[in-house]
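In what follows, chains are A, B, ... by sequence order, proteins preceding strands, each numbered from 1.
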Protein chains: 2
Amino acid sequence: MEIDPRSHIPIYLQIVEAIRSAIAAGVYRPREALPSLRALALETQVNPNTVQRAYDELEREGFVYSQRGRGLFVTEDGRRAAQDHARRTIRHRLDEVLRAAAVAGIEPAGVREIFDAAIESFSPTEGQSP
Amino acid sequence: MEIDPRSHIPIYLQIVEAIRSAIAAGVYRPREALPSLRALALETQVNPNTVQRAYDELEREGFVYSQRGRGLFVTEDGRRAAQDHARRTIRHRLDEVLRAAAVAGIEPAGVREIFDAAIESFSPTEGQSP
DNA sequence: CTGAGTGCCCTAGTTGGCTAAGGCAGTAAG
DNA sequence: CTTACTGCCTTAGCCAACTAGGGCACTCAG
């Protein structure tokens, strides 16, 4: 899990997103336990309170449920919910990029070019051997 | 200029981005004066100090230069620099989206689908009359 | 029962961002 | 010169977000 303490985004929100993504990707599965507060705090080098705040948020959003003394578990439909959430988030960010680009005088076609280039270098045509 | 006081992004950075975009789009042209500290502060309903902080950053980045007693002006190649910066920013954000998507188990192809949908609803095939 | 684990809670403390109020120095038009 | 603008600087303080440390209640294997 990658945490950037110098980001403008609060640490606990970074953790929330990381866990949500992990649930979406199936790293943690429904009815399965997540890392304990202290374990995750140790791993990410942040305060246990901060992790708890992240877990609180995840519980509020319905991706996990907690059992005192036992641990935190992924809800039954947590994975589907997390996948939906991931798609909505991606859509939202792409909308923002398009909007910001338009303000700077760059049309959607221009953004598409950049997008193609980004995809190209992201997965450099996997399949060709040297 | 749209400022969201409840964003995680500091207000002065929001102003920086807005001005940079305006320079890129040609709203403010090289050798032209930007709104004065106090004028912009009044317009955006923030403290003049916050605006100054934004202007400091813009000057540090080389998009504008200040003349005491006269005002703030766009540098000679400010527009080109701002356009370059906008493209780099877009690229960076798209990279981030792709990376976040991958972590959540969504492949580039999936992101492209969402991107196409976003573009579709962003500029709904301008040209067809009802 | 005991002990080590768990989530939970409380109370501080720090920090960055922002506000506030004022003053100084420069420019330019009247 | 006077006036009204500019950018710039200083000091002080506020506030929310975030961090920190410690303690409590619960669960469960031994």
Practice task
Starting at atom CD of B:Q67, determine the distance to atom P of C:dG26, rounded to an integer number of angstrom.
Solution key: 14 Å
Fill in the blank from the handout: Between B:P35 and A:G69, the residue closer to the 5' end of DNA chain D by nearest nucleotide is B:P35
Exercise for the section: Can you tell me the distance, in whole Å, between the CG atom of A:D56 and the P atom of C:dT6? Expected result: 17 Å
Fill in the blank from the handout: Closest of D:dG7, D:dA20, C:dG7 to the A:N47 side chain is D:dA20
Exercise for the section: Verify the contact: side-chain N or O of A:T50 to OP1 or OP2 of D:dT19, cut-off strictly under 4.0 Å; return yes or no. Expected result: yes
Problem - Plane angle bin for A:F115 and B:F115 - parallel if under 30°, tilted between 30 and 60°, otherwise perpendicular - result: parallel
Completion exercise
Rounded to whole Å, the CD-P distance (B:E59 to D:dG7) equals 11 Å
Practice task
Looking only at side-chain atoms of B:N49, point me to the closest of D:dC8, C:dA20, C:dG17.
Solution key: C:dA20
Practice task
Verify the contact: side-chain N or O of B:S66 to OP1 or OP2 of D:dC8, cut-off strictly under 4.0 Å; return yes or no.
Solution key: yes
Exercise for the section: Mind calculating the distance between CD1 (B:I11) and C1' (C:dT19) to the nearest angstrom? Expected result: 10 Å
Handout entry: Sugar-phosphate, base or nothing in reach of A:R70, heavy atoms under 4.0 Å
Key = sugar-phosphate
Problem - Nucleotide nearest B:S36 when distance is taken to its side chain, options D:dC24, D:dT6, D:dC8 - result: D:dT6
Handout entry: B:T50 (side chain) donor-acceptor with B:V46 (main chain) under 3.5 angstrom
Key = no
Problem - Side-chain N or O of B:R53 closer than 4.0 Å to phosphate OP1/OP2 of C:dG17 - result: yes
Practice task
Would you indicate whether A:E32, at its atom CD, is surrounded by more than 12 heavy atoms from other residues, nucleotides or ligands within a distance under 6.0 Å?
Solution key: yes
Problem - d(CZ, A:R68; C1', D:dG23) in whole Å - result: 12 Å
Problem - Which nucleotide in C:dA20, C:dC8, D:dC9 has an atom nearest any side-chain atom of B:Q52 - result: D:dC9
Problem - Separation of atom CZ in B:R38 from atom C1' in C:dC24, rounded to whole Å - result: 11 Å
Exercise for the section: In whole angstrom, give the distance that lies between atom CG of A:L42 and atom P of C:dG7. Expected result: 14 Å
Problem - Check: A:R6 side chain, C:dG16 base, donor-acceptor under 3.5 Å - result: no
Problem - Audit row: B:R80, B:T75, side chain to side chain donor-acceptor pair (under 3.5 Å) steps and yes/no - result: CA-CA 10 Å; B:R80 231 174 34 82; B:T75 54; over 6 Å; no
Completion exercise
Considering only heavy side-chain atoms of A:L72, the closest of C:dT6, C:dA25, C:dC8 is C:dC8
Practice task
Find the distance B:I9:CD1 to D:dA16:C1' and express it as a whole number of Å.
Solution key: 17 Å
Handout entry: Flag, side chain of B:E57 to backbone of B:V16, donor-acceptor distance under 3.5 Å
Key = no
